[in-house]
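Before any comments, here is the structure.
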Amino acid sequence: MKEVTGSYNPREVEAGVQDYWKREKIYARVQELRKDGKAFFFVDGPPYTTGNIHLGTAWNKIIKDAILRYHRMQGRNIIERAGYDMHGLPIEVKVEHQLGFTSKKDIEEYGIAAFIEQCRTFAVTHMESMSDQFRQLGIWLDFDDPYQTIKPEYIESAWWAVQRAEERGLLERGHRVVNWCPRCETAIADSEVEYWDETDPSIFVKFPIAGRENEYLVIWTTTPWTLPANVAVAVNTAFTYARVAAKKDGHEEILWIADELVESVLKMGRYQDYTVLERVNGSDLVGTEYTSPLAGQVPHQAEIRHRVVAADYVALENTGLVHIAPGHGWDDYLVGIQEGLEVFCPVDAGGCFTPEAGAFADMYVRDANDLVIEALGDYLLARRTITHRYGHCWRCKTPIIYRATAQWFIKATEIRESMLEEITKVKWYPEWAGSARFHDFVKDSRDWCISRQRYWGIPIPIWQCEQCGKRTVIGTIAELEERSGVKVPDPHRPYVDEIVIPCACGGEMRRVADIFDVWFDSAVASWATLGFPRKREAFDRLWPADFITEGQDQTRGWFYSQLGASTVAFGRAPYKSVLMHGFALDAEGRKMSKSFGNVVTPEEVVNQFGVDVLRFYVLWANAPWDDLKFNWDSVKTIHRTLNILWNVYRFPLPYMILDSFEPAAGDGGRWDDSFVRAHIKDMPKEDRWIISRVNSLARTMAGDMQEYYLHKVTRALAAFILEDLSRWYVQLVRARMWLEEDSPEKRYAYETVYYVMRRLTALLAPFTPHIAEEIYRNLRLAGDPESVHMLDWPEADDLLIAPDLESAMEVIRSFDDAVATARQNGKRKLRWPVSETVVVTGSDEVKTALEGLNDLALNRANARAVRVVTGAWDRILWKAEPVMRAIGPEFGKEGPKVKALIESADGTTLKAAIERDGKAELDGYAITERHVTFTEALPEGVFAAPMKDATVYVDVTLTPALEAEGYAREVIRRIQEMRRQLDLNVDDFIVAAVNVDDERVASLISEEEWQKEIAGEVRAAALTVRHNGEKPAEPFALEKDWDVEGVQMQIGISRAGE
RNA sequence: GGGCCCGUAGCAUAGCAGGUGGUGCACCCGGCUGAUAACCGGGAGGUCGUGCGUUCGAAUCGCAUCGGGCCCA
């Protein structure tokens, strides 16, 4: 043990500890230590390798680290490989940006091989930087060998899964409407679409009904550019539609509009008058044929037989008739399939019209809106604009379009039931994350489009024969090499694109051009991290994962993609338990975003307050599943808490060292609790109490960790440090530390403090691994493990838990607070003793506690006596107040006289008489309880304050003896202060002289008893107390004038022998 | 538009198997001075988002509504 002089400097502590971990390879040794333990297979959700980590990423890893450290201390062998998600469009877009590219054409010209090298470099560089940042947060995952989605063995894990899908008939080539980014020229996942407001045209269009003169269906759309692809109009059979003769500027035309919407539509079209000719049910309209107003511009439109169809999703909005273009909308597409409509999509990958769009060919669709509107001519009924939420590509921010394309799908809808079933078998923290949130998401899930038309990703391992069309799905690189007869240098594009497999028909099979949706990469992490299918052993032993934890946004993300891929490949969920955590928000509860400028980085927090403070804060601030509202004040509070811990830790060290205290060692020079267990019966109550408390703490924490109540665990820790240790135990035990001679009391104090700190550091280790390690390193005995992280979790010791003592101590603490309040009311400082303190209570618990812990109560109250009184305390006086409402009517004009009598009577006597006899006589008048109320009147010098189930009365009246002690304490305090100013060691002796102006006070403290007391307390070899005495010949090292409660004193001190 | 979560003093948070709302920070006042660029006590501060309902009684249960978050459409 060495003394610690500095105050808590987190950055210094953390740098030292991390250096120690590195030097002594502590992480590896802890792994080694636990390798025979029961396995705990954890899968790290892979962060995407772009840029720096943010607060949410840090929170995520901190939760993981705290939980894994806890399980490790419980003896588990943790499989804890870190992982990174390194493919995908976000990186491609960043690299495109760096290279100044704007389209796929630029990439093709630059060369795919060179392009993906840039992507690879980008991903690897960022991965390394992120690992460094995580290491700095004290995260103990295996960052030296993380799983990386770009590695060949990882790519195989994905290939293998698709091969399973093919075997099970769950892989499908389908023509579907997908979210399409015209800039990136690829399909993008629903999860890659970001919504924000966009202003678009809002137009009402008349579709002429075939074979009718001047009669139209009125539809509404915000995407005029989809009109060239119109094939149908949908109505809802639950609505009534009106056939209206509408008049405008002398013309009349017949319009079909949902009955309830007629008024608003006609107003929009500025019609002056109308008549409803007939009303029909929606179903009566079904089958009605019409022609396209764009037949002149788009030749194919003239060939389509447009008709009215029924669809449930049509709402009573706008016109109640919906324009259907199966090539450009998901709902439209479904209606199209159902009705056997043509899927017409005259738009290319870049978002431009194809020649099929006739007059609009080559135009970018969003730019074509105005031309389409113009081309509608008289068929345009009304034109407005609308601001609505519209989807954009999450990477390049281009507005997306819906486009029917050929894509590869996993038929998630076919395995939906078994996915839902699997969800119920997983343990969810909290429960509703699975049973409600995730369940509802999966219930509504669609088939999963896994193909992307890009470059930096896992190539889809499907080879298709150019001649016969037969396809084959490759599961491993070895299989590919065997079947192609070619060595595969890198399973990425463009290398795999060149590999040809001979087909049985004599033709050549070539790879389909697509790569995987990047979500498919991480979906296979649970087996990829174990090297499966290349390696089998670990997979057979460990899979599925015991535990994963990610943010609530991963419900649709990683929780889902993993479940989907695993249900396809293995027919079961790849995880046994899932903790869903919240999102990191700013103090106002808003999302942190760069454009708001409200982003707080983990780095900022760490630079100011250190890693442990950040860690403790994010775990402590709220329940894991609630959103974290970041708050600097709270961070400061946590800093203060750890600072107090630090002070508590270092305060006994100088005394221990001075006394050469050696904690009792157990077997092999290893510390254990045998001393405490052997002596607990003899130890002072406060020692037994704090020992009980720290064991209770361990018990509560273990219970809460079962449910991953990280906030409760850290709050319990903070409360223990602040309330139990610092504010209470340390205050009680200080005096024993200062004892000169060796004594059992002092030894017990040392052993107790040591015991508590050893247990506490272990309890803190998962949450604040650095400060716990730092303290542990200084306290550990020679035979102890080198790191606090090698210890087992301290199980609560039932034999040392004393519930009665804990509750009795609660009473004393409440008493202590009340005494302080009463003294404050009586303006009597705690340093000044008081004669008597009385507790009036009806509670047995209070009585028992104060009697059982009377020494403690005396000490805390600084009183000559602490007494418990049940019922009434005889020194309480009562003041009688007349109740005129009762006196007036009864005594009539005698009333004022009675009032005066009551007011001047002795309330205490009056109350006693009424209580005894039911009435009292005052000058012949019978007074009963009706006529008078009593209020408590405290005797001179007595002050009261409430405590739990009791009232405390403190008599602050001074006597010469009390005064003598009070002044003596004042002198002691001043001399101590002067010792401090001289920077003396605690064991230095001094010589001192006190000169008191006031003769009476001088004589009080000159009494032998107090002079001895003062000399002893301040370690004075010589002490003189004088009244207006002459100054000593020798000047003192330090002389000061003091005003002590109005009494002037001159005090001088010097170090003895100087 | 739908699902889930959250909404308690200036800020953050506990209480939510219903029975007179706790705690921390900040604030004001005071104490302590052998943890001291620390520590401790006291005080003030609340329509428990809003409305309706169930109940003898609701922060706690139900419905509606508003605000925030994540996700979906």
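Note on naming: letters A, B, ... go to the chains in the order of the sequence lines (proteins, then strands), and numbering restarts at 1 for each one. Keep in mind the model is a prediction, meaning the values are calculated, not measured.
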Using the [atom1] atom as the point on both nucleotides, what is the distance between [M] and [N], in whole Å?
| N | M | atom1 | result |
| --- | --- | --- | --- |
| B:rC28 | B:rU65 | P | 44 Å |
| B:rG2 | B:rG19 | P | 33 Å |
| B:rG45 | B:rG22 | P | 14 Å |
| B:rU60 | B:rU54 | P | 15 Å |
| B:rA17 | B:rC6 | P | 13 Å |
| B:rC25 | B:rG43 | C1' | 16 Å |
| B:rC61 | B:rG18 | P | 9 Å |
| B:rA59 | B:rU47 | C1' | 12 Å |

Q. Between A:Trp625 (CH2) and B:rG7 (P), how many Å, whole number?
A. 13 Å
Q.
Tell me the interatomic distance from A:Leu982, atom CG, to B:rG34, atom C1', rounded to whole angstroms.
A. 14 Å
**Q.** Contact residues, residues 707-718 of chain A to RNA chain B [heavy atom, < 4.0 Å]
**A.** A:Arg715
Q | Strand contacts (RNA chain B) in residues 433-441 of chain A, 4.0 angstrom heavy-atom criterion | A | A:Ala436, A:Arg437, A:Asp440, A:Phe441
Give a yes-or-no answer on whether the side chains of [X] and [Y] include a donor-acceptor pair shorter than 3.5 Å.
| X | Y | answer |
| --- | --- | --- |
| A:Gln731 | A:Arg860 | no |
| A:Thr226 | A:His323 | yes |
| A:Trp448 | A:Asp517 | yes |

Q: Map A:Val648 and A:Trp832 onto RNA chain B by nearest heavy atom, then report which one ends up closer to the 5' terminus.
A: A:Trp832
(Q) By nearest heavy atom, map A:Val730 and A:Thr555 onto RNA chain B; which one lands nearer the 5' end? (A) A:Val730
Q. To the nearest 0.5 Å, what is the distance between CD (A:Glu707) and NZ (A:Lys427)?
A. 4.5 Å
Q) For the side-chain contact (heavy atoms from CB on, under 4.5 Å) test, which of A:Leu1023, A:Val1018, A:Leu982 pairs with A:Ile1053? A) A:Leu982
(Q) Using 30° and 60° as the class boundaries, would you call the ring planes of A:Phe438 and A:Phe441 parallel, tilted or perpendicular? (A) parallel
Indicate, with a heavy-atom threshold strictly under 4.0 Å, whether [X] touches base, sugar-phosphate, or nothing.
| X | value |
| --- | --- |
| A:Glu977 | sugar-phosphate |
| A:Thr637 | sugar-phosphate |
| A:Asp627 | sugar-phosphate |

Q. Side chain to side chain contact (heavy atoms under 4.5 Å, CB included) with A:Gln608: which residues, sequence neighbours excluded?
A. A:Trp632
Q: Stems involving RNA chain B: give each as a range paired with a range, ordered by first number, where a stem means at least three consecutive Watson-Crick or G-U wobble pairs under 3.5 Å.
A: B:1-7 with B:66-72, B:10-13 with B:22-25, B:27-31 with B:39-43, B:49-53 with B:61-65
Q. Do the side chain of A:Arg176 and the main chain of A:Asp447 share a donor and acceptor less than 3.5 angstrom apart?
A. no
Would you list the protein and nucleotides 39-41 of chain B atom pairs, both N or O, that sit under 3.5 Å from each other?
unit_1	atom_1	unit_2	atom_2	d
B:rC40	OP1	A:Arg727	NE	2.5
B:rG41	N2	A:Gln824	NE2	3.0

Q | Partner set under ring-ring contact (aromatic ring centres under 6.0 Å, His included) for A:Tyr967, not counting sequence neighbours | A | A:Trp832
